[in-house]
Amino acid sequence: MKRKALYIIMIIAVVLGIILVKIKDFNYSTLYGEHKRLEIVMGTGFDIKDVQTIANQTINKKSIARTTTLFETSVAIDAKDFTDTELNTLFSKLNEKYSKEFSIKDLKRDNILKEMNVESVSDMTDEEVINLISQIKEKYNLEYTKDELTATSSLVRMVSVPKISIYDMLKDCIIPALISLGIVVVYFAIRYHKLYKKAWILVPLKLAFELILNQGFILSVIALARIPVSIYLPALLIFIWLLEIVSETVKNEKQLIKIKEEK
Amino acid sequence: MKKKTLLDVLKKIIVILVIILVSLISFLGIHKKNLNNWNNILPEYDLSKELSNIRIFAFSVDDSTETADSTADDASEDTAVDATSEVSTTDTTEEVVEENTTDSESEDTTSATTEVPVNDPSILTKENYIKSKKIIEERLKKFGITDATVSVNDSNGDISISVPYEDITDYTVSLAGNQGTFEVIDTDTEEVLISKNMLKSVSANYQLSSTSQSTSGQAAYDIGIVIELTKDGQSKLNEMTKKYIETMDENGETTQKTVTVKIDGETKYVTYFSPDGTYTQLFIPIYQSVSVENMSDFNDKLNECTVIQAELSTESLPIVYQLAAGTFIESNIAGNTLNVLVFTEIAVLVIIAIVMIVKYKKSGLLLDIIELGFVAIHLLLIRAAGVSITFAGLVMILLMALLNYMLLIMLMNKEKAIEQLEAFGSFILNIIPFIITIIVFVVSKDINLQSVGMVGIWAIFVLAYTLLASILLLRNENTKKNGVE
C-alpha cells in the first residue's frame, strides 16, 4: 500500500514536472543556459580572482570569469546578460586596476557598422565619415573618432552562447541505458525465477518501471525546485541508476539464499 | 609453530611493504632525470574537457552574398588536371559553396551578375538550424571526436561547439564549416552523373602511388577516399566506364572524355576509365605522391581525408556556416574546484578508514592498507589505459573504492581461504547486473557513460588483488583472533 502511494506521488511529480518544463523549461546554470560571453584581452600580469571579484561587484547576474587562450592572456566572463551600465562600470574598474583602455565603443563597433550597412570605413571620404559619426552619435549615443571606426582589432568581444539542453546532455545515454536494462531484466527473470514464482516476468518488468520512474522523478524534482542544471546532472542520474540496480540485486540474492536455506 | 607464526608475520610485512611501494608509485610517480628536470615517466591522467581545458568554436549563419553568374564556376575549367598531378587541399570556412538555387550551368558569359545571399532566406528556419546541429554532431562522432557538445540558438542559428583541447580537434572547423556536397560531373557539359545520394559508404584510405617513389626515393602514397555506390550508382558507374574513356582517332591522336569529382564545389580529381576495367568502388586521391618520410604531414593529410569521409557519410548541411570565433578556455571546474573535488573524495575515504580502525582495531588497519593498495592500483590502471575522466568518472572512482570496502568487510569475517573465496563469489553474484550495465556503458557513445564504464571495469579487475591481499593478510588474523593457532 505504502509503495503504491509512493508510486502515485512520484507519477504526479513527474506529470507536474513535464507541465512546468513545457511552460518554463528547466532552470539552467549560467554556463549551461543561453548566455553571453564577454572576452577581454588582458595581456599579462592579472589575477583571475581579482577579475572575478570585479565582475561580481559590477554584474548583477551571476558571472563566471575564466582565463582563455593558451598563454592565459585573455579572460572570458560568462553571465546571463550584460547591460550597458554594467559593462561601462566593469571596463572602468578594469582600466583603473590594470591601466588598460577597454571601452564599450570597441565592443559595439562591428555591430553598429553592420546595422548601418557600412562595409569599410577606410574607403569612405572624410565627409562621409563625419556624417557616419554624427549618425552613430544620434542613434546610439556613442561618440567615435575616425581612428576608432577604422580599427581592425578589438580588445573586447561579446559572443552569444546557446544553451546546452538536458536532452543534449542525456540523449546518448538513453539507448545504452535501455539496452543494459533489457539485459538486466532478462538476467533477473532467469536468476530469480524461483523467487518470483509465477510473477517471474512481472517482477523484473516492475524493476524496469521503477528505474525509469526514479529517473523521471529526479528530473521533475530538479524542474519543480528550480535547481540549476549543471555538470552534476549526468553523474547524479547514472549513480542513482547503478545504486538501484545493486540494491535490488543484493535484496534478491539475500532472499534467494534464505529460500535455499529453508529448503 | 613459532616458526610458522614468524613466517606468517614476515609474509604479512612483505605484502604490506609491496602495497605501500605500489601506492607510493601511484600517488607520487616514478621520476627520471631529463637534462636539468625531473619528469614523471608515468602517463598523465586524461581529464575530459569538463575537468580541464575546452576549445570553443562559435559558428554563425553566413549572411554574406555571392555573385551569381557563369564565371563563378570557372574553377573547374581552369584547374582541369591529369591523374598524376597533385590537387589542392580541402579549404575550410572561407570557401563559399554554391547554392542549389544558383545557376551553375549557365553558358552565357554575357549574363548580368547579381548578388545573391549565400544562404537563401527561405532555408533559415528553426528546423534547418536543428538539422544542421544534428549533422555536425554526427560528423564529429564519425570523425572520432566523442567528447563534443554542440548547441544551437533556435532563433538565429548560431552554433557553439565545445571540444577537448587536443590536436585532433583542429578539424572541428572543417567538420562544421564544410557543407559536404559531392558530385561526379561530365567535365565538358557539367552534367551531374553521380550525386551524393548514390553513395553507399565512404572511407578514408591510402594506396601506393603510381609514381611509387617520392623524389627522395622513399615510398609514396596517394591518400584519398574510397567510395562504394548504391545499386543505382553502380549501374551509372558501369555506363560511365564505357563512355568516359581514352579514344584514338584516325590520325592517331588520343582524346580523353573525362569526369570531374567535386567535393564542396571544389574540383578534387579529374579522371577517365579503362573500358576493360571492373569498377566496384572508386578510389579518389585527394593528395597524390605523399612521402612517408614526414609522417606528421602524412597523418595530417590522412586526417583531412577522414574529415571528408565524415562529411560525405552524413547529410549535407542545409545552411552554410562561417566561423565567428575560436577560443581556448579553462573549464570552470578545472584548477581549484577540481582539487576541492579530489580532496573531498580523499577526505571521505580517510573518514571511513578511521571508522574501520576504531571499529575493527588491527583488522581495520589491515583493511585500510588493502584499500590503499586497491585505490593505488586502480588509479595506475586508469592512467595506463588512458581512460578519459569526466565528473561522473571521478565520482565513480570513489564509488568503486566504497564497493571495495564492502567486499573487504565481507572477506574479513571469514576464517579460511575457501570461505573467503565463497564470500568473493557471493559478492560477484551481487554485482553481476552492475557489471552488465557498466560493460554496456563502455561501448556507448556518451563520454560520461564511457568514463563511468571504464573506471568500473578496471575496478572489477582490481578486485582480484583485493581477494588475494585479503587471503594473505586478513585470514591469519581471523584464525588467530578465534584462538586457533
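Side-chain atoms are counted along with the backbone in the values below, which use heavy atoms only and exclude waters and symmetry mates. Every chain is numbered from 1, with letters handed out A, B, ... down the list of sequences. Model, not experiment: these values are computed from the prediction.
Residues D172(A) and K141(B) are in side-chain contact: their nearest non-hydrogen atoms beyond the backbone lie under 4.5 Å apart.
Only the side chain of T327(B) comes within contact range of chain A, judged by heavy atoms closer than 4.5 Å. There is no contact between V443(B) and chain A, counting heavy-atom distances below 4.5 Å. For chain B, the nearby part of K114(A) is the side chain; its heavy atoms alone come within less than 4.5 Å. There is no contact between L181(A) and chain B, counting heavy-atom distances below 4.5 Å. If you measure heavy-atom distances from K134(B) to chain A, you find no contacts under 4.5 Å at all. At a 4.5 Å heavy-atom cutoff, the contact between I438(B) and chain A is made by side-chain atoms alone. Contacts of K254(A) with chain B are absent, with no heavy-atom separation under 4.5 Å from either backbone or side chain. Interface remark: I447(B) contributes no atoms to any contact with chain A (heavy atom separation under 4.5 Å). Interface remark: S160(B) contributes backbone and side-chain atoms alike to the contact with chain A (heavy atom separation under 4.5 Å). F239(A) touches chain B through its side chain: at least one heavy atom from C-beta onward sits under 4.5 Å away, while N, CA, C and O do not. With a threshold of 4.5 angstrom between heavy atoms, F434(B) approaches chain A through its backbone and through its side chain.
Atom-to-atom distance recorded for I431(B):CD1 and T249(A):OG1 is 9.5 Å, nearest 0.5 angstrom. A distance of 8.0 Å separates CD1 in I329(B) from CG in L31(A), rounded to the nearest 0.5 Å. Here CD1 of I54(B) is found 12.0 Å from OG1 of T68(A). Values are rounded to the nearest 0.5 Å. The CD1 atom of I164(A) lies 5.5 Å from the OG atom of S162(B); values are rounded to the nearest 0.5 Å.
Chosen from K445(B), R55(B), K133(B), the residue pairing most often with chain A at heavy-atom distances under 4.5 Å is K133(B). Interface check for chain A: of the options S444(B), G456(B), P433(B), the most heavy-atom pairs under 4.5 Å are formed by P433(B). The candidate from A76(A), S165(A), S74(A), C173(A) with the greatest count of non-hydrogen atom pairs under 4.5 Å with chain B is C173(A). Heavy-atom pairs under 4.5 Å with chain A peak, among I432(B), D154(B), T149(B), at I432(B). Among L403(B), L399(B), V395(B), the residue making the largest number of heavy-atom pairs under 4.5 Å with chain A is V395(B). Between chain B and the residues L242(A), V246(A), N252(A), the largest count of heavy-atom pairs under 4.5 Å involves L242(A).
M169(A) and D446(B) make their closest contact through O-OD1, 4.1 Å (heavy atoms, listed as atom of the first residue, atom of the second, distance). Nearest heavy-atom pair, K171(A) versus E137(B), reported as atom, atom and distance to 0.1 Å: NZ-OE2, 2.9 Å. When all heavy atoms are compared, the tightest approach of V150(B) to D168(A) is O-OD2, 3.8 Å. When all heavy atoms are compared, the tightest approach of I436(B) to V184(A) is CG2-CG2, 4.3 Å. Closest approach of K163(A) to S151(B), counting heavy atoms only: O-CB, 3.1 Å. The nearest pair of heavy atoms linking P162(A) to N153(B) is CB-N, 3.6 Å.
Residues passing the salt bridge (charged side-chain N to carboxylate O under 4.0 Å, His left out) test with K100(A), sequence neighbours excluded: none.
Contacts between residues 202-212 of chain A and chain B, counted as heavy-atom pairs separated by less than 4.5 Å, involve no residue at all. Near-neighbour residues of residues 34-58 of chain A relative to chain B, defined by a heavy atom under 4.5 Å from a heavy atom of that chain, comprise E34(A), R37(A), E39(A), K49(A).
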Could you walk me through whether V250(A) and M406(B) pass the side-chain contact (heavy atoms from CB on, under 4.5 Å) check?
CA-CA 12 Å; V250(A) 166; M406(B) 283 165 52; 5.8 Å; no
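Heavy-atom contacts from other residues, nucleotides or ligands closer than 6.0 Å to CD1 of I175(A) number 12 or fewer.
For residues 157-190 of chain A, the set of pairs meeting the ring pair (Phe, Tyr, Trp, His ring centres under 6.0 Å) definition, not counting sequence neighbours, comprises F188(A)-Y192(A).
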